[in-house]
Structure formats: C-alpha cells, structure tokens
Visitor: 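Handing you a structure now.
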Amino acid sequence: MSRTFINLLNIYSMFFLLIWGFLPNLIGQKVALSNEVTIRSNSTYDVMGEFNHRVIMLQDNGRRITLFVFDADFQAAQQYYIVPPQNSSDVYGYVPVDSSLYIYYVYPDSGYNMLALQKISMLDFSTYNSRTLFRMKRSETGNFRLVVSKDHSKHMIRYGKSDTDYEVAIFDTVKDSIFHTVPVVLDSPWEDGSISSQLLTSSGDYYLIAGNPKRKNNYEYTLYTIKSGIFKSTQFRTEEPLTEPKLVERGSDHLIFLTGIYLDAKQDLQAGLFLANMDQLTSTGLRLNKVTFQEQVLSDFYGREKQPSNGINDLVFSHIISQKDGSQTLVYEQQREIYRSNMPGRNAYVPGAMSIDFYRENILLVNVDNNLEVQWQKVLHKKQYSYDDDAQYSSFFMHENPSALRLLYNDEIKRSNTISEYIVTCTGQVSRRVLFSTDHSDLNLQIRNSTQVSAASTVIPSIRKNKLRLVKLNYN
C-alpha cells in the first residue's frame with residue numbers, strides 16, 4: 001500500500017469523523033439568514049409572523065407603519081408603507097390577528113381625539129377596513145393602554161382622567177365591534193410598583209388584582225373584574241403575602257387561576273409557589289394551594305454552590321404553557337440586577353457614573369394538572385451576565401410545538417456565542433444540545449426577542465451597530 005494512499009485514507013477518515021461529530025447538531029434544523037435592514041433610532045421593529053411563506057417585519061416610528069416582506073428565500077425585503085387614516089394620526093398600537101393586522105390610531109378632530117381602527121391584509125397588504133371607533137376628550141388621551149387576550153381575539157382600550165378613574169372599551173375581532181364600554185374606579189393607583197396583575201380573557205372578561213399589605217399577618221388585596229359589561233370589586237385576604245402574582249387563563253377549559261411565589265417564615269427566601277382557583281374566591285378569603293420547592297429541586301438549582309437552608313432568591317414568573325395532555329407548565333427565571341459605581345471613592349453624584357450588572361440564570365419549570373396539583377418540577381441550568389445592555393442578549397425564548405418545548409438561549413453573553421437549547425417533553429424529560437455558533441458571523445442574537453412564526457419555525461433578530469438581520473431557525 002503506497003504512502004500516498006495511506007495519507008489520503010487518513011485525510012478521508014478525519015473528514016468523516018469531523019462530519020459525524022457535527023451531524024447531531026445539523027440534523028433536525030435549518031438556519032437561514034436575511035439581508036441587512038438599516039434600523040432607525042426613532043423606530044421599533046417587530047416580527048409579525050409568516051404569511052404565504054413570507055416573513056413580515058413591522059417598523060413603527062410612532063406616526064407611520066412600514067412592513068418589510070422577506071421573500072420565500074428569506075433574502076430580499078420589499079417595503080410596504082401603510083397610509084394612516086389622517087395625516088395627523090399617531091400610532092396607538094397594533095395586533096396581528098390571523099392573516100390581518102389591526103392598527104389603532106389617535107388623531108385630533110374638532111377639539112377631541114378620535115380613536116381609529118385600520119385593518120390590513122397580510123396577504124396582499126391592502127386596507128380592507130378603516131373607520132373611527134369613538135372620540136375622547138383631549139384630557140383623557142394621556143392614560144392610554146392596550147391590553148390583548150392571549151388568542152388576540154379581544155383588545156381592551158383604556159382611556160380616562162387618571163390611573164384610578166378611567167373607561168375601558170373592549171373590541172371583539174370576531175364580531176368586529178366594541179361590545180363593552182365600562183367606567184372603572186379603583187381604590188388606589190396600582191401601576192406604581194404595588195403588587196398587581198391583569199388579564200383579558202378570550203371571552204372578553206377582564207381581571208385586575210392589586211393591593212399593598214397593610215399590616216403584618218393581614219394581607220389585603222382587591223380583585224377588580226369586568227364581566228358581561230359589569231364592573232365589580234371584591235376585597236379578600238390571604239395568610240401569605242402574594243409575591244410575583246400572575247393571573248392566568250388555562251388553555252384547556254379557560255379556568256382563571258392565580259399563581260405566584262410565597263416566602264419563608266422570615267420572608268427572606270422564596271420557599272415555593274402558590275396556586276389558587278379564582279372561582280373559589282369568597283368573602284372570607286382566597287385559599288392558596290402552596291407548593292414547596294422539593295429538596296431535589298433546591299439541590300439541582302444550586303449545584304455545587306452553597307445552598308440556603310430552605311429557599312431560592314430572585315425567581316421571576318416568565319411563561320405559562322398549555323400542554324397537549326391538558327396540564328400547564330409554569331416557567332420561572334432567576335433574574336437580578338446590581339447597581340454599582342464606576343467612580344468608587346466619590347460621594348457626589350456624577351451623571352453616567354453608575355453601571356447595572358444583569359444576571360439571567362437558572363430556569364425553573366413546574367407542571368400542574370387540571371386540579372392544580374404538581375406533577376413534576378425541573379431545573380434548567382444557565383448562567384448569563386452582562387452590563388449596561390438591559391440584558392438584551394440574555395434570558396431565553398420558548399419554541400412550542402405539540403411534542404416538546406424548546407428553550408433557546410445564548411450560552412454566554414459576548415461578541416460570539418454558542419446557541420443552545422433545552423428540549424422538554426410534557427412528562428418532564430429534559431435533554432440539551434448545541435444548535436450552532438455565531439463565530440465569525442457578525443451576529444449578535446437577541447434570543448429573548450424571538451418570534452415563533454409556525455409550529456416548525458422561529459425567527460431570531462440580530463442587531464449589530466445600526467444593522468438588523470433576521471435568523472430563521474426551522475425544525476424539520
């Protein structure tokens with residue numbers, strides 16, 4: 001056998017081994033990269049979805065909407081400028097609904113501010129419905145809010161005199177009309193950092209829970225509801241303070257329940273989660289079903305680090321996922337920010353002398369059945385640190401499909417990253433794998449701002465300097 005043949009054989013063997021090593025990361029997904037789009041400092045950008053095999057991105061500069069339509073090869077982007085109903089219109093908000101885009105505008109007219117709705121087809125980008133919904137006094141315009149149900153079928157427009165005295169109009173996209181206009185009066189402001197959560201359901205009901213504990217061991221809250229056009233408030237108490245409370249609509253039967261975190265006896269550490277069926281709220285209070293963090297969860301959460309005796313720090317509610325078996329998976333992430341001085345030793349305030357360190361670390365999954373009983377708890381490890389960037393490149397994104405959840409994240413926050421994912425089944429089985437690397441690609445991926453555009457595809461934005469590119473990740 002000649003030396004040349006042996007050398008060739010060694011080369012082919014090495015090549016085969018390299019390809020074999022990369023195959024597990026290449027099989028199962030395809031990655032496509034769009035052309036660059038120059039971003040404007042006065043605009044926000046948002047991926048709307050995929051329509052007729054074309055990904056559509058929206059630009060909003062506060063006065064005008066522009067749509068960037070990428071072709072089937074995810075390369076050339078054609079721009080469509082949406083003409084507003086009036087030249088003096090300001091964009092109030094927008095919501096994609098099926099194959100349409102609902103855009104809300106405000107414009108002045110005869111001493112009033114008018115709220116207008118414009119419906120755009122995402123298939124041919126034509127305006128097929130444009131009309132004024134109602135008018136408001138100029139003094140009521142500054143308290144605008146737009147709340148959207150999870151299925152995007154109901155939109156609640158809030159306007160009024162103040163944060164405690166306002167009106168809400170609930171628009172039904174199925175009936176194509178406003179079916180409730182209700183005055184609301186709250187006991188006290190709730191958007192000033194007080195404990196609160198709000199929810200607009202798929203049926204058009206509205207829930208708001210708010211309150212500040214007044215005395216030790218006497219935790220008082222108020223539930224405000226709008227049902228069938230009737231506003232109602234109900235005060236209740238709990239034995240524990242409600243930390244990170246979230247109102248949730250269960251996907252399987254539309255049950256409304258409350259979830260959050262409860263603290264240990266000293267109120268120093270997060271000791272577990274609580275769950276409560278809002279249908280069981282009575283004048284005597286709300287029964288909380290407490291779920292203590294399992295010892296194995298605490299051990300997994302801290303790993304080799306020194307473990308506090310009975311709890312966790314800095315968990316924040318992130319998502320709730322409806323599984324195909326009817327259960328719900330609650331998702332929490334460990335988040336914290338640390339403020340530090342860039343000029344130690346100086347007492348005087350100097351503008352720009354403070355930095356913020358952002359930590360986005362472990363993820364906790366808790367799965368509950370239809371009776372709100374816990375089925376399993378899992379810890380997914382990650383460590384992400386950055387500073388002065390609002391954690392834009394940290395955290396994670398959840399791609400949902402019937403077979404599993406996929407949690408995508410940057411392994412480290414630096415110029416070049418490795419993109420990994422956890423795959424979690426509805427029974428709590430977990431696996432992890434590396435997807436791809438951004439080395440030598442000039443990509444800075446903002447994973448948390450991704451958009452799932454189909455059961456098989458997710459679009460990830462990358463912003464570098466003033467250039468935006470989209471990465472389309474497709475699972476076969």
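This is a predicted model, so every value here is computed, not measured.
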Visitor: Determine, for Glu50 against Lys472, whether the closest basic-nitrogen to carboxylate-oxygen distance falls under 4.0 angstrom.
Guide: yes

Visitor: Charged N to carboxylate O below 4.0 Å: is that the case for Lys382 and Glu333?
Guide: yes

Visitor: Drop me the distance from Leu273's CG to Lys290's NZ, to the nearest 0.5 angstrom.
Guide: 12.0 Å

Visitor: Just wondering, do Tyr332 and Val316 contact through their side chains at under 4.5 Å, heavy atoms?
Guide: no

Visitor: Flag the pair Ile256 / Asp205 as yes when at least one side-chain heavy-atom distance between them is below 4.5 Å, and no otherwise.
Guide: no

Visitor: Is the closest side-chain heavy-atom distance between Ser318 and Phe396 below 4.5 Å?
Guide: yes

Visitor: Which residues pass the side chain to side chain donor-acceptor pair (under 3.5 Å) test with Asp389, sequence neighbours left out?
Guide: Ser386

Visitor: Do Arg64 and Val91 touch side chain to side chain, with heavy atoms closer than 4.5 Å?
Guide: no

Visitor: For the CD atom of Gln384 and the CG atom of Asp411, what is their distance to the nearest 0.5 Å?
Guide: 8.5 Å

Visitor: One thing to verify: whether Asp172 and Lys154 come together as a salt bridge, which I'm taking to mean a side-chain N less than 4.0 angstrom from a carboxylate O.
Guide: yes

Visitor: Kindly indicate whether the side chain of Ile170, heavy atoms from C-beta on, has any atom under 4.5 Å from the side chain of Ile178.
Guide: no

Visitor: Applying side chain to side chain donor-acceptor pair (under 3.5 Å), name anything that partners Ser327, two or more places apart in sequence or on another chain.
Guide: Asp325, Asn367

Visitor: Aromatic ring centroids of Tyr159 and Phe134 under 6.0 Å?
Guide: yes

Visitor: For Gln375 and Asp369, test the side chains for any donor-to-acceptor distance below 3.5 angstrom and give the result as yes or no.
Guide: yes

Visitor: Are the side chains of Gln198 and Leu247 in contact, using a 4.5 Å heavy-atom criterion?
Guide: no

Visitor: Mind jotting down which residue pairs meet the salt bridge (charged side-chain N to carboxylate O under 4.0 Å, His left out) criterion with at least one end in residues 435-456? Sequence neighbours excluded, please.
Guide: Asp390-Arg448, Asp442-Arg464

Visitor: Can you see whether Tyr105 engages Gln118 through a side-chain donor-acceptor pair at a distance of less than 3.5 angstrom?
Guide: yes

Visitor: Is the closest basic N to carboxylate O distance between Asp90 and Arg63 below 4.0 Å?
Guide: yes

Visitor: Any sub-3.5 Å donor-acceptor pair from Ser457's side-chain atoms to Ser454's backbone N or O?
Guide: no

Visitor: Consider ring pair (Phe, Tyr, Trp, His ring centres under 6.0 Å). Of Tyr104, Tyr206, Phe179, which one does His155 pass it with?
Guide: Tyr104

Visitor: Given side chains that start at C-beta, do those of Arg336 and Glu361 come closer than 4.5 Å, heavy atoms only?
Guide: yes

